[in-house]
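Just so you know, these numbers use all the heavy atoms, side chains as well, and skip hydrogens, waters and symmetry mates. Residue numbers count from 1 along this sequence.
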Amino acid sequence: MASTHQIVTANRLRDGAVVYLTADGRWSETLACGALAEDKATAADLLAQAERSVTDRLVVGPYAFPVALAPEGPQPTQKREQIRAAGPTVHPQFGRDTGIARAAR
């Protein structure tokens, strides 16, 4: 099933962490905190906001990716984003403790 919802992600410059743009314009390491774009116009607005964070040297490489809505919160539909949400893949002990991390491993 194709998802029309998207979340904007980037990498924080300070430490390289995967972060998600929130509705209040901040960046969170928690996928569930990411602002949901329900259409292309909203996704474009969120990306424009993210680009300001690039100019401010807070993040690098922002882009929007599709998510499926689930009772436990938004879930990445692409393997790349499942891996990014789970944390490092070097060894399970280094991953973040999230439901997505357990599911992606």
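- Think of Val60 as one node in a network of Ile, Leu, Val, Met, Phe, Trp and Tyr side chains linked at under 4.5 Å; its network also takes in Leu13.
- Criterion: ILVMFWY side-chain heavy atoms under 4.5 Å apart, direct or through other members. Under it, Leu21 and Val59 are part of a common hydrophobic cluster.
- When atom types are taken as modelled, the side chain of Gln6 and the backbone of Ala64 share no donor-acceptor pair closer than 3.5 angstrom.
- Residues Val18 and Phe65 share a single hydrophobic cluster, defined by chaining ILVMFWY side chains whose heavy atoms lie under 4.5 Å apart.
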Checklist entry - Please walk me through it: do Leu58 and Arg12 pass side chain to side chain contact (heavy atoms under 4.5 Å, CB included)? => result CA-CA 6 Å; Leu58 299 175; Arg12 190 169 46 212; over 6 Å; no
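- Residue pairs meeting the side-chain hydrogen bond (donor to acceptor under 3.5 Å, both in side chains) criterion with at least one partner in residues 52-73, sequence neighbours excluded, are Trp27-Ser53, Tyr63-Arg80, Tyr63-Glu81, Tyr63-Arg84.
- In terms of heavy atoms, Thr30 sits closest to Ser28 at N-OG, 3.0 Å.
- Side-chain contact between Val67 and Gln75: absent, with no pair of heavy atoms (C-beta onward) separated by less than 4.5 Å.
- Formation of a donor-acceptor pair under 3.5 Å by the Thr9 side chain with backbone atoms of Val19 is found in this model.
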Which pairs would a plain distance check flag for residues 31-50, meaning a side-chain donor or acceptor within less than 3.5 Å of a matching protein atom at least two apart in sequence or in another chain?
{"residue": "Asp39", "atom": "OD1", "partner": "Ala41", "partner atom": "N", "Å": "3.2"}
{"residue": "Asp39", "atom": "OD1", "partner": "Thr42", "partner atom": "N", "Å": "2.7"}
{"residue": "Asp39", "atom": "OD1", "partner": "Thr42", "partner atom": "OG1", "Å": "2.8"}

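- The shortest side-chain heavy-atom distance between Pro66 and Gln78 falls under the 4.5 Å cut-off.
- Using a 4.5 Å heavy-atom threshold, the side chains of Glu51 and Pro62 count as touching.
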